[in-house]
Amino acid sequence: MTVVGPFGLHVRDQSLEADVQLGLAAVEAGLLEATKSDVPFITEAAQHLVRAGGKRFRPLLVMLASQFGDPDAPGVVPSAVVVELTHLATLYHDDVMDEADVRRGVPSANTRWGNSVAVLTGDFLFARASHILADIGPEAVRIQAEAFERLVTGQILETAGPRDGRDPVDHYLDVLSGKTGSLVAVSGRFGAMMSGADERTVDVLTQYGERLGIAFQLADDVLDIASDSHESGKTPGTDLREGIPTLPVLRLRALAAADGKPDDLELVELLDGDLSDDDALEEVLRRLRVHPALEQARQDTVRYAQAARATLAPLPEGYAKAALEELCDAVVHRAG
């Protein structure tokens with residue numbers, strides 16, 4: 001049993017391991033090539049997060065999904081580069097919106113070069129992804145465009161907040177379906193589709209990716225509170241400080257509204273206060289780490305990961321399916 005990639009997936013077959021490793025290496029080379037520019041400064045900015053590393057979660061899913069067809073088909077690696085470029089582009093934009101200081105253990109692009117450069121670099125990556133898509137074909141362009149629309153819609157819904165009378169947790173899960181689930185779903189879809197898998201398999205892996213993507217983001221929500229910066233690649237409590245309504249916070253607010261416990265109401269008041277002070281943020285983190293709301297969020301992560309695993313039932317048994325099931329376990333493990 002071998003660990004493959006920064007995400008830590010355990011692969012039980014040497015042939016599958018070799019295919020995945022070769023595929024991810026080709027994706028890495030493709031990312032560096034796609035982020036080159038005739039302008040050295042643009043190359044430096046565009047490769048900033050590529051060289052910082054990352055889990056390469058989406059390309060890994062493309063590689064595994066391609067095992068249900070021909071993993072050496074010409075569209076597999078380029079499509080994996082596209083989904084990772086798109087993901088990286090959103091990170092540049094997210095860090096500007098969130099005023100983040102650290103990303104993947106390095107200074108964020110907006111901290112290093114300012115907001116304008118960070119936004120424009122994200123746009124540059126979107127453009128490069130579109131260029132690659134044009135060579136893959138019009139169907140791939142359409143699929144990516146639909147996913148990108150969902151991604152942006154999710155971001156807008158998060159910014160706007162839930163409408164009156166809407167359960168904030170339900171609203172948030174809809175946000176995640178667009179912001180994160182859409183692109184992970186495309187990863188499963190591209191891997192299967194580009195490899196020539198049958199339509200039923202493509203549909204299964206698309207649904208699997210959607211559910212796994214939501215579980216993946218829920219795990220990140222937990223990590224923002226429960227981890228240190230070495231584990232998560234960003235400063236703990238970043239989402240709390242920026243007022244982003246992650247699931248543990250939403251669960252806390254629901255408990256406080258339902259039960260009215262003084263300690264919960266006090267913690268909500270602290271969350272709504274000024275968290276720019278490091279001591280205030282640390283106090284909130286300390287209390288949240290032992291609060292039942294964090295465990296509820298962990299259980300929500302498990303639920304979505306289990307739903308993703310159940311989606312795989314129609315697929316034929318084998319090492320590729322086992323690896324996809326292991327990916328569900330890896331997501332849950334991240335959440336503790």
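Atoms considered below: every heavy atom in the structure, side chains included; atoms not considered: hydrogens, waters and symmetry mates. Since the model is a prediction, treat every value here as computed from it, not as a measurement.
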On a heavy-atom basis, which atom in [X] and which in [Y] lie closest, and how many Å separate them?
| X | Y | answer |
| --- | --- | --- |
| V81 | V27 | CG2-O, 3.9 Å |
| A197 | V202 | O-CG2, 3.9 Å |
| R58 | S187 | CB-OG, 3.3 Å |
| R287 | E266 | NH2-OE1, 3.4 Å |

query: Got a sec: does the CD of E139 have more than 12 other heavy atoms crowding it under 6.0 Å?
result: yes

message: Can you tell me if E149 has over 12 outside heavy atoms packed within less than 6.0 Å of its CD?
response: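 No, CD of E149 has 12 or fewer neighbouring heavy atoms, counting only those of other groups under 6.0 Å.
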
Residues 63-79 side chain polar contacts: donor-acceptor under 3.5 Å, at least two apart:
residue : atom : partner : partner atom : Å
S66     : OG   : M63     : O            : 2.6
D70     : OD1  : D72     : N            : 3.0
S79     : OG   : G75     : O            : 3.1
S79     : OG   : V76     : O            : 2.8

[X] and [Y]: side-chain donor and acceptor closer than 3.5 Å?
| X | Y | answer |
| --- | --- | --- |
| D263 | H291 | no |
| Q299 | Q296 | no |
| D174 | S177 | no |

- request: Anything under 30° is parallel, anything over 60° is perpendicular, the rest tilted; go ahead and classify F126 against F148.
  value: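 If you compare the ring of F126 with that of F148, the planes turn out tilted.
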
query: Between R334 (side chain) and D329 (backbone), is there a donor-acceptor pair under 3.5 Å?
result: no

query: Between the main-chain N or O of L247 and the side-chain N or O of D221, is there a donor-acceptor pair closer than 3.5 Å?
result: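 Yes, D221 side chain to L247 backbone: donor-acceptor pair under 3.5 Å.
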
